[in-house]
Amino acid sequence: MESDHDLRDQVLAARIERWRPDLLEALAELYPDPDAVADRLLELAARAYRERPEDLHALDLARSLRPDWFQQPSMLGYACYADRFAGDLRGVARHTAYLKELGVTYLHLMPLLTPRPKPNDGGYAVQDYRSVRPDLGTMEDLAELTQVLRAEGISLCLDLVLNHVAAEHEWAQRARAGERRYLDYFLTFADRDLPDAYERTLPEVFPDFAPGNFTFDEDLGRWVWTTFNAWQWDVNWANPDVLVEYADTVCFLANQGVEVLRLDAIAFTWKRMGTDCQNQPEVHALTQALRTVARIVAPAVVFKAEAIVGPRELLPYLGQGRHHGKVSDLAYHNGLMVQVWNMLATGDVRLTAHALAQLPQAPSTTAWITYARCHDDIGWAIDDRDAAALGLHGWSHRRYLADFYAGDVPGSFARGLLFQENEQTGDRRTSGMLASLAGLETEDPYAVWRVLLVHAVILGFGGVPVLWMGDELGLTNDWAWDRDPDHADDNRWLHRPRLPWDAAGEDGSGPAGNHEVRAGLGHLVRVRQDLPHLHASTPSTPMLTRDPGVLLLRRDHPLGPMVAAYNVTAEHRPVPESVLREAGLDPDRCVDRISGTRPTWHPGAGERSLWLTEYQPVWLVATETAAHSLG
Ligand code: GLC
């Protein structure tokens with residue numbers, strides 16, 4: 001009889017045989033000697049595989065048997081800072097009941113590996129990828145937390161910050177100390193010639209507090225590429241040593257039990273003169289190389305691309321062309337997020353329907369991360385061409401939205417702040433909590449309905465909806481954000497509050513918040529869990545707009561069609577019955593799963609219509625499939 005040990009080795013050999021070609025293909029796009037780099041990667045992968053804990057090998061098997069686990073309608077994400085949610089990692093472990101009750105199956109804890117001392121961009125300036133920020137706990141606490149979460153069916157997602165490290169990271173320190181090997185980990189320049197040449201086509205990410213993309217380092221006596229803050233040093237991905245280091249980090253985190261890696265600022269990792277140094281083709285090759293290593297060591301792990309880029313650049317992150325099926329499984333649907341706010345500000349869905357229709361379909365094995373907002377600002381990514389198609393001027397419309405959500409437009413219900421106004425380009429972005437942007441702070445009578453409509457769009461699109469901490473309770477802005485001197489220049493902290501556990505909610509169990517929001521969201525989550533039509537393999541496609549106030553999305557799931565209709569106005573608006581027929585639904589044999597009722601059809605001019613009340617969402621499916629799905 002073969003020993004377990006032999007069996008393990010056979011599995012490893014089978015995986016290497018399966019994935020080595022993908023690895024070589026990716027490396028050949030990046031480096032002159034792909035075989036040598038592949039050997040180094042496979043050696044570290046074999047080591048990590050052997051060190052992988054038993055329970056995680058079991059998870060790998062379970063996930064290989066259900067490769068669509070992250071596409072299930074039961075998936076619900078939650079994102080928070082460990083300290084702002086529950087003090088530290090043990091605190092998070094103690095509060096899993098709260099997450100479970102909410103229906104969470106995926107928890108994104110914001111950066112928690114040891115960062116440089118503040119300021120550190122909310123942890124995105126990592127000093128050590130192998131240890132946990134001391135006030136949050138230890139690596140053992142992290143591994144233990146992943147076990148506690150897994151037992152509750154919750155997968156842990158962590159950031160892998162791979163465009164830059166803190167200027168205090170060991171690599172940077174050794175570069176400064178004169179070690180050539182580590183100098184080559186970074187992009188540094190003796191004078192301004194090349195930096196100036198690059199600057200001609202580079203945008204500025206933080207024009208307010210970190211203008212320019214290069215920083216002079218006194219110790220090095222050289223200019224260092226720093227896309228984000230001066231103390232975030234971009235690493236040199238053209239150096240294979242950097243890839244080997246990060247591949248090792250991927251394996252290390254996977255072996256702690258991390259199941260989803262969020263590839264932070266992935267779009268910026270490869271630089272090319274004369275471009276904006278984003279979305280370069282090599283970015284996808286290096287993702288493929290990392291992904292292949294992860295597949296050999298830890299097939300349970302999936303990758304999430306944080307690429308907040310234009311709609312047309314976004315799809316390659318989920319694998320297009322030769323990278324199909326070989327890069328990230330998840331990507332943020334930034335366009336949907338922007339459009340949700342656009343619809344609420346304008347009460348008009350036409351631009352949204354048009355923009356969504358322009359986005360090519362994501363591969364059926366992947367899933368969008370749908371979200372109403374996140375820890376970052378909202379950048380008004382409205383494509384000029386999309387705006388023009390609707391007779392709008394892109395620049396002016398983006399500006400209008402920023403002003404609207406800063407509360408600077410007559411009739412605006414929103415209370416947010418402008419973030420990073422760029423004098424040169426006129427670009428301005430927005431900070432604010434969901435509830436505040438939707439009108440709860442201005443006591444607008446429709447605020448709660450708007451919040452719930454936003455949640456419905458996010459939950460009803462298909463993919464992994466991720467709630468940002470506090471939005472489940474309708475928490476409003478943290479106006480004390482600038483009292484911490486380390487945050488005072490970064491108003492994204494307006495929407496990064498602490499969860500108010502001490503102020504108990506109505507039933508005394510959870511933190512205080514808006515009861516209607518919490519209850520309404522809970523209902524939507526339960527409905528969604530039971531709606532197989534929302535499996536992420538089926539896309540949501542916009543239907544022809546009938547009434548400019550109602551967004552119509554259809555999903556052609558093999559179980560039967562689903563039509564989602566969202567009234568984005570404070571008026572009653574119609575959904576004509578032909579909409580349902582067009583999607584293949586019988587208007588007299590369907591049910592709105594949100595209200596649990598069959599639609600009432602009112603006669604109108606020409607055809608019968610279902611009238612949606614103010615900001616009402618409906619998810620319509622055939623009565624038979626509804627019964628089927630209920631078992
Ligand atoms: C990502 C993060 C953002 C951070 C940046 C630099 O975009 O979401 O918060 O500032 O990367 O790491």
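Remember, it's 1-based here, ligands and their atoms both numbered in the order they're listed.
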Enquirer: Which residue supplies the protein heavy atom nearest to atom 4 (C) of ligand 1, what is that atom called, and how far is it?
Expert: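 Going atom by atom, the protein heavy atom closest to atom 4 (C) of ligand 1 ends up being Asp121 OD2, 3.3 Å.
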
Enquirer: What part of Phe268, side chain, backbone, both or neither, has a heavy atom within less than 4.0 angstrom of ligand 1?
Expert: neither

Enquirer: In ligand 1, which numbered atoms sit nearer than 4.0 Å to a non-hydrogen atom of Arg492?
Expert: 3 (C), 9 (O), 10 (O)

Enquirer: What is the nearest protein non-hydrogen atom to atom 5 (C) of ligand 1, stated with its residue, atom name and distance?
Expert: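 Looking only at protein heavy atoms, the one closest to atom 5 (C) of ligand 1 is Phe228 CE2, 3.7 Å.
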
Enquirer: Taking only heavy atoms of Phe206, which atoms of ligand 1 are found under 4.0 Å from at least one of them?
Expert: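 Matching atoms, with element in brackets: 10 (O).
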
Enquirer: What protein heavy atom sits nearest atom 8 (O) of ligand 1, and how far off is it?
Expert: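 Result: Asp376 OD2, 2.4 Å.
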
Enquirer: At a non-hydrogen distance cut-off of under 4.0 Å, which region of Arg262 contacts ligand 1 (side chain, backbone, both, or neither)?
Expert: side chain

Enquirer: Any sub-3.5 Å donor-acceptor pair from Thr269's side-chain atoms to Asn163's backbone N or O?
Expert: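 Not at all, since once roles are kept as given, no pair shorter than 3.5 Å links the two residues.
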
Enquirer: Can you tell me which residue and heavy atom of the protein come closest to atom 11 (O) of ligand 1, and the distance to 0.1 Å?
Expert: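 The closest one turns out to be Asp264 OD1, 2.9 Å.
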
Enquirer: Take the angle between the ring planes of Tyr81 and Trp468 and call it parallel below 30°, perpendicular above 60°, tilted in between.
Expert: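 Correct class here is perpendicular.
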
Enquirer: Can a side-chain donor-acceptor contact be found between Asp121 and Gln232 if the only test is distance below 3.5 angstrom?
Expert: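 A donor-acceptor contact under 3.5 Å links the two side chains.
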
Enquirer: So does Thr425 get a backbone contact from the side chain of Trp395, meaning a donor-acceptor N/O pair under 3.5 Å?
Expert: yes

Enquirer: With a 3.5 Å distance limit and no angle check, can you tell me whether His495 reaches the backbone of Arg492 through a side-chain donor-acceptor pair?
Expert: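 At least one qualifying donor-acceptor pair exists.
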
Enquirer: Around atom 7 (O) of ligand 1, find the nearest protein heavy atom and jot down its residue, atom name and distance.
Expert: Glu306 OE2, 2.9 Å

Enquirer: Are Tyr124 and His164 an aromatic pair, judged by ring center distance below 6.0 Å?
Expert: no

Enquirer: Need the ligand 1 atom indices (1-based, order shown) with element for anything under 4.0 Å from a heavy-atom of His164.
Expert: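 Contacts of ligand 1 toward His164, numbered from 1: 6 (C), 12 (O).
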
Enquirer: Could you tell me whether Phe70 and Tyr106 have their ring centroids closer than 6.0 angstrom?
Expert: no

